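Written out below as C-alpha cells is the structure these notes cover.
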Amino acid sequence: MKALEVRIRKARKGDIDRIIDIERSWQHLSHWSIDSYYRLLNDDSFTSSFVAETDGDKGRSNIVGFVIFHIAADVSEIYNIAVESAHARSGIGYELMKAAVQESGRRSARRVILEVRKSNNPAINFYLKFNFTVTGDRKNYYSNPVEDAYIMELAISD
Ligand SMILES: CC(C)(COP(=O)(O)OP(=O)(O)OC[C@H]1O[C@@H](n2cnc3c(N)ncnc32)[C@H](O)[C@@H]1OP(=O)(O)O)[C@@H](O)C(=O)NCCC(=O)NCCS
C-alpha cells in the first residue's frame, strides 16, 4: 500500500463531485453542500484546496483525497481533510497536510489550527504525528452526533 504514487495539486471545480464522494464516505465528517464547495473553491484570496491524484485504470487519473484550508492574517485553519477509505494509511493524508502547511507558510501564516471530534482517534493520531498539539476544546462543537471538539495547533517554523 505504501508504494502508491500520488500527485498533490490545486483543486479545481471539476473535482468537486469526487471530493463530495470521499467526504460522504466518512459518516462522522460534517457534510457540506455542493454550493459550499463551489464557494470555497471560488475564494482564491483566503481559501486553498489541494487534491491527491493517482493514476487509475486506463491511464485516467483518480482523486483519492483532499484538504481545504482557510488563511486569514497569520492563521491557517484546516476546514477538512480526508482520504478515500480504500487508500487510508498509505501516506496520502501526510502529503496533503504537508502541502497545506507549506502553502500556509508561503502565504505568511505562522500557525495552523483545526478542530477534531474527541472520538476521532485516527485523525488525532495523524495530527499528533504532524506535531500538532491540543490547545483547548469546544463544547458541543459538532452535531449528528453532538460531540466536543479538541482544538489542535501547529506552529509553522521558518
Ligand atoms: C485522518 C486521515 C486524513 C489520515 O490520512 P491517511 O492518508 O490515512 O494518513 P497517513 O497514511 O498519511 O498517516 C500518517 C500517520 O498518521 C497516523 N495515522 C493515520 N491513520 C491512523 C490510524 N487509523 N490510526 C492511528 N494512527 C494513524 C500514523 O502515525 C501515520 O503514520 P504511519 O502509517 O507511518 O504509522 C484519514 O484517516 C481520513 O480521511 N480519515 C477520515 C476523515 C477524517 O476524519 N478527517 C479528519 C477530520 S478532523
Side-chain angles (χ1 to χ4, degrees), residues 1-12 15-34 36-37 39-41 43 46-56 61-72 75-105 109 111-157:
M1 259 311 206
K2 283 276 176 196
L4 193 67
E5 291 268 324
V6 294
R7 293 178 297 278
I8 307 295
R9 64 158 172 81
K10 277 208 157 234
R12 304 188 275 258
D15 303 329
I16 288 176
D17 285 352
R18 275 295 292 150
I19 289 174
I20 288 177
D21 280 351
I22 295 168
E23 181 238 78
R24 298 283 148 99
S25 74
W26 292 102
Q27 287 281 319
H28 62 272
L29 285 185
S30 308
H31 297 323
W32 299 345
S33 65
I34 289 194
S36 310
Y37 280 108
R39 263 201 308 278
L40 287 168
L41 264 62
D43 169 26
F46 291 105
T47 313
S48 280
S49 315
F50 292 119
V51 292
E53 203 172 48
T54 62
D55 289 327
S61 55
N62 183 32
I63 290 169
V64 290
F66 68 93
V67 60
I68 299 177
F69 54 106
H70 182 264
I71 304 165
V75 181
S76 174
E77 180 170 2
I78 304 292
Y79 279 175
N80 220 348
I81 180 166
V83 170
E84 190 169 46
S85 54
H87 296 296
R89 210 71 193 260
S90 312
I92 297 169
Y94 194 88
E95 293 302 319
L96 284 163
M97 183 61 95
K98 195 168 87 183
V101 172
Q102 278 171 354
E103 175 72 1
S104 299
R111 61 200 173 101
V112 182
I113 63 166
L114 57 86
E115 284 92 13
V116 57
R117 281 185 185 270
K118 285 192 174 178
S119 65
N120 193 350
N121 286 318
I124 293 167
N125 280 320
F126 170 73
Y127 299 135
L128 291 173
K129 168 96 175 201
F130 238 93
N131 294 325
F132 279 82
T133 54
V134 174
T135 55
D137 60 1
R138 292 193 205 280
K139 275 261 162 249
N140 300 330
Y141 183 76
Y142 292 103
S143 52
N144 293 323
V146 172
E147 190 177 347
D148 298 352
Y150 284 125
I151 303 168
M152 298 184 78
E153 273 195 44
L154 174 76
I156 298 181
S157 46

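All values reported here derive from a predicted model rather than from experimental measurement. Order of listing sets the numbers, starting from 1, for every ligand and every atom in it. Computed from heavy atoms alone, side chains included, the values below leave out hydrogens, waters and symmetry copies.
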Q: Give yes or no for whether the N/O distance cutoff of 3.5 Å, strictly under, is met between Ser90 and ligand 1.
A: yes
Q) Can you check whether Val83 has an N/O within less than 3.5 Å of an N/O in ligand 1? A) yes
Q: Say whether Leu29, considering both its backbone and side-chain N or O atoms, lies within less than 3.5 Å of an N or O atom on ligand 1.
A: no
**Q.** Test: Lys118 and Asp137 ion pair at under 4.0 Å
**A.** yes
**Q.** Sub-3.5 Å N/O-N/O distance, Arg89 and ligand 1
**A.** yes
Q: Over 60° means perpendicular and under 30° means parallel, so classify the ring planes of Tyr79 and Trp32, tilted if in between.
A: perpendicular
Q: Any atoms of ligand 1 less than 4.0 Å from a non-hydrogen atom of Tyr94? List them with their elements.
A: 12 (O)
Q | Polar contact flag for Gly93 and ligand 1 (N/O pairs, less than 3.5 Å) | A | yes
Q) Can a salt bridge be assigned to the pair Asp15 and Arg18 using a cut-off of 4.0 Å between side-chain N and carboxylate O? A) no
Q. Would you call Asp148 and Arg138 a side-chain contact if the rule is heavy atoms closer than 4.5 Å?
A. no
Q. Are any of the N/O atoms in His28 less than 3.5 Å from those in ligand 1?
A. yes
Q) Just checking, any donor-acceptor pair under 3.5 angstrom between side chains of Glu115 and Tyr141? A) yes
(Q) Taking 4.0 Å as the limit for heavy-atom contacts, which would you say applies to Tyr127 with ligand 1: side chain only, backbone only, both, or neither? (A) side chain
Q: Check whether any heavy atom of Phe66 sits under 4.0 Å from an atom of ligand 1.
A: no
Q. Within a strict 4.5 Å, meaning less than it, do heavy atoms of the Leu154 and Val101 side chains meet?
A. yes
**Q.** N or O contact, Asn120 vs ligand 1, cut-off under 3.5 Å
**A.** yes
(Q) If we set the cut-off at 4.0 Å for heavy atoms, which region of Trp26 has an atom near ligand 1: side chain, backbone, both, or neither? (A) side chain
Q) Is the closest N or O pair between Tyr142 and ligand 1 shorter than 3.5 Å? A) no
Q. For ligand 1, is there an N or O atom under 3.5 Å from any N or O atom of Gly91?
A. yes
Q | Enumerated ligand 1 atoms positioned under 4.0 Å from heavy atoms of Glu115 | A | 48 (S)
Q: Could you list which atoms of ligand 1 come closer than 4.0 Å to a heavy atom of Ala88?
A: 8 (O)
Q) Taking 4.0 angstrom as the limit, do Arg7 and Asp55 come out as a salt bridge? A) yes
Q.
I need the atoms of ligand 1 closer than 4.0 Å to a non-hydrogen atom of Asn125, numbered in the order shown.
A. 25 (C), 26 (N)
